[in-house]
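Take a look at the structure set out below.
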Amino acid sequence: MTENEEFEYVAPAVVFPGQQAHEEAFRTAHDLLSRRFPVEALEILEPALADDPDNIGLRSMRAWAYMLRAQLAKAETELRWLVERDPSDAWSQHSLGRVLERQDRLEDALGPLRLAAVMSDDYDHHAAVYRVRNRLAQREG
């Protein structure tokens, strides 16, 4: 190896006894999405979701992929399904609010954003509520 060559270290996949393909699909999709490869993540997720359409983890990953691709209607559908199943999921509530905000549906966005902020007390969630409230006030003013 010469001085100018670079090494890329890749950790081997962790396999647990009894691991199913869905866990591998989730893990792979999460890795791809964190690197901002939503198309490739969807290619992994769709077959797994065909086998297990009610898998909340996989559907969360699909919602994230749709959000990254700016397929906002599809993301909204996924997120509404997730929120219906678990209204206490702050990530789903916040994501739904962000998708609605990106569609300029500010009045609709405020409810889920407020819920996420109260549930998580996360700075970013509170900032989203503040941002949407300010945009609404500018419209009215």
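Every heavy atom of this structure was used, including side-chain atoms; hydrogens, water molecules and symmetry mates were not.
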Practice task
Could you verify whether a donor N or O on one side chain and an acceptor N or O on the other, from His126 and Asp121, lie under 3.5 Å apart?
Solution key: yes
Exercise for the section: Mark yes or no for whether Gln93, through its side chain, and Pro87, through its backbone, hold a donor-acceptor pair below 3.5 Å. Expected result: yes
Exercise for the section: State the OG-CH2 distance between Ser92 and Trp81, to the nearest 0.5 angstrom. Expected result: 9.5 Å
Handout entry: N-O pairing of Asp104 and Arg139 below 4.0 Å
Key = yes
Practice task
Search all heavy atoms of Ala25 against all heavy atoms of Leu58 and return the closest pair with its distance.
Solution key: CB-CD2, 4.2 Å
Handout entry: Qualifying side chain to side chain donor-acceptor pair (under 3.5 Å) pairs with a residue from residues 40-50, counting only residues at least two apart or across chains
Key = Glu46-Arg62
Handout entry: From Phe26 atom CZ to Asn55 atom CG, the distance as rounded to the nearest 0.5 Å
Key = 8.5 Å
Problem - Test item: Ile56 and Leu82 side chains (from C-beta on) under 4.5 Å apart, heavy atoms - result: yes
Completion exercise
d(Arg131 CZ, Asn134 CG) to nearest 0.5 Å is 10.0 Å
Handout entry: Interatomic distance, Arg102 atom CZ to Ser95 atom OG [nearest 0.5 angstrom]
Key = 10.5 Å
Handout entry: Value rounded to 0.5 Å, distance of CG in Leu49 from CG in Leu42
Key = 9.5 Å
Fill in the blank from the handout: Of all heavy-atom pairs linking Ser60 and Trp91, the shortest is O-CH2, 3.6 Å
Handout entry: Within one Ile-Leu-Val-Met-Phe-Trp-Tyr cluster: Val132 and Leu79, side-chain cutoff 4.5 Å
Key = no
Handout entry: Qualifying residue for salt bridge (charged side-chain N to carboxylate O under 4.0 Å, His left out) with Arg80, from Glu76, Glu84, Glu78
Key = Glu76
Practice task
Measure up the His94 and His125 rings against each other and bin them: parallel (under 30°), tilted (30 to 60°), perpendicular (over 60°).
Solution key: parallel
Handout entry: Ionic contact status for Arg27 with Asp31, cut-off 4.0 Å
Key = no
Side-chain donor-acceptor pairs under 3.5 Å in residues 107-117, sequence neighbours left out?
from, atom 1, to, atom 2, distance (Å)
Asp108, OD2, Arg105, NE, 3.3

Handout entry: Linked, directly or transitively: Phe37 and Leu45 (ILVMFWY side chains, under 4.5 Å)
Key = no
Completion exercise
Output for pair (Arg59 CZ, Thr77 OG1), nearest 0.5 Å, gives 9.0 Å
Exercise for the section: Identify the two heavy atoms, one from Ala75 and one from Val99, that lie closest to each other, and give their separation to 0.1 Å. Expected result: CB-CG2, 3.9 Å
Show which side-chain atoms of residues 65-72 pair as donor or acceptor with protein atoms under 3.5 Å away, not counting sequence neighbours.
none

